Amino acid sequence: MSTPAVPIRPLSHAAVWWQTLRPRTLTVSVAPVLLGLALAWSLAGVFRPLPALACLLGALLIQIGTNLHNDAGDFLRGADTSERLGPPRACAQGWLTARQVRNAAWGAFALAFLVGIYLVAVGGWPIVALGLASLAAGWAYTDGPRPIAYSATGELFVWLFFGLAAVGGTVYLQLGQVPAAAWLGAHLLGTLAAAVITVNNLRDEDEDRRSGKRTLVVAGGRRLALAVLGLLLLTPFPLLLLFLLAPMGGHTSPWLLLPWLLFPQALRLYGEVRRTAPGPRYNALLGATARLQLGFAAALALGLILARWL
């Protein structure tokens, strides 16, 4: 296993905070909003800009709050140390205190709550339930008696909140309902988001085992986790064919299969993860998985737009 290099502190205090937000994976919350807006427009020709912007802002704030809470929580539980294989964490390196990072996390959650007040005015009580559940899940990811990140349910959590909830909630706030085709899109994107967590946990297997984390990789073994990763990365592509059976706004189109252009990339990524031992190389693979999810969302969104136009 590779030995991690000694991390270099970012040049400024602002750069430390920016790195602590984990900007390379924030696309995981951007992608479902993008797809949800494209689905709403393709299905009904509807685009409401203010709810769209609020959805994007709320999703980003919840993910930022979750990331910050995770940084502080893992440090306080002893799961993050200065020797971790992943990108350096501010608390573990002593660049920020756990109290500073936790306060920032609560600030992000508070701002998300304020954005949610507007979204409730738009979408009503279903958004109350969705918003409170999302905030609670962000806190419970690394806190509480049974943190989600310390169990084998991380992939399920991400599929649910960064797939079904984020895409479905965005469509609901545009249309006042969530048609079946939107649930299909939500599922496809959620599986790719869950793949990001699997790659992350494959990288951190040894460290997680030492710290008592029972992720899917630790609890089920590397072979099972790689099989799950294959399903998460590859099955969204054949399932795209179901869009041809669920007319989008009364029409179908081969443009809805546009994400198939990314299938070779998904195959290469899966093969490289299988061949790579846990180490710093996984940081690049993690970023590539997040980009694949964003690329899939962008390609499907473009296909949905072209299917309605052409």
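Since the model is a prediction, treat every value here as computed from it, not as a measurement.
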Query raised in the report: Using 30° and 60° as the class limits, which term best fits the ring planes of W17 and H13: parallel, tilted or perpendicular?
Result: perpendicular
Query - Sequence neighbours excluded, every pair satisfying salt bridge (Lys or Arg N to Asp or Glu O under 4.0 Å) that has a member inside residues 90-116 - result: R102-D143
Query raised in the report: When Ile, Leu, Val, Met, Phe, Trp and Tyr are grouped by side-chain heavy atoms lying under 4.5 Å apart, directly or through other members, which residues fall in the same group as L224?
Result: L216, V228, L232
Report task. Could you list the residues that satisfy side chain to side chain donor-acceptor pair (under 3.5 Å) with T276, not counting sequence neighbours? Result -> none
Query raised in the report: What residues, two or more places apart in sequence or in another chain, satisfy side chain to side chain contact (heavy atoms under 4.5 Å, CB included) together with L160?
Result: L164
Query raised in the report: Among all residues two or more places apart in sequence or in another chain, which pass the side chain to side chain donor-acceptor pair (under 3.5 Å) test with Q174?
Result: none
Requested in this report: Quick one: list whatever passes ring-ring contact (aromatic ring centres under 6.0 Å, His included) with F157, sequence neighbours left out.
Outcome: Y141, F161
Query raised in the report: What residue pairs, at least two apart or across chains, pass salt bridge (Lys or Arg N to Asp or Glu O under 4.0 Å) with a residue in residues 34-58?
Result: none
Query raised in the report: Going by atom types only, do N70 and R89 share a side-chain donor-acceptor pair under 3.5 Å?
Result: no
Query - Qualifying salt bridge (Lys or Arg N to Asp or Glu O under 4.0 Å) pairs with a residue from residues 266-283, counting only residues at least two apart or across chains - result: E272-R281
Pairs of donor and acceptor atoms involving the side chains of residues 175-191, under 3.5 Å and at least two apart or interchain, shall be tabulated with distances.
from	atom 1	to	atom 2	distance (Å)
W183	NE1	V178	O	3.3
H187	ND1	W159	NE1	3.0
T191	OG1	L188	O	2.7

Query raised in the report: In chain order, what residues pass the side chain to side chain donor-acceptor pair (under 3.5 Å) check against T25, with sequence neighbours excluded?
Result: none
Query raised in the report: Under the ring-ring contact (aromatic ring centres under 6.0 Å, His included) test, which residues partner Y270, sequence neighbours left out?
Result: none
Query raised in the report: Does Q265 have any side chain to side chain donor-acceptor pair (under 3.5 Å) partners at least two apart in sequence or in another chain, and if so, which?
Result: none
Query - Validation row: D204, P278 side chains within 4.5 angstrom (heavy atoms) - result: no
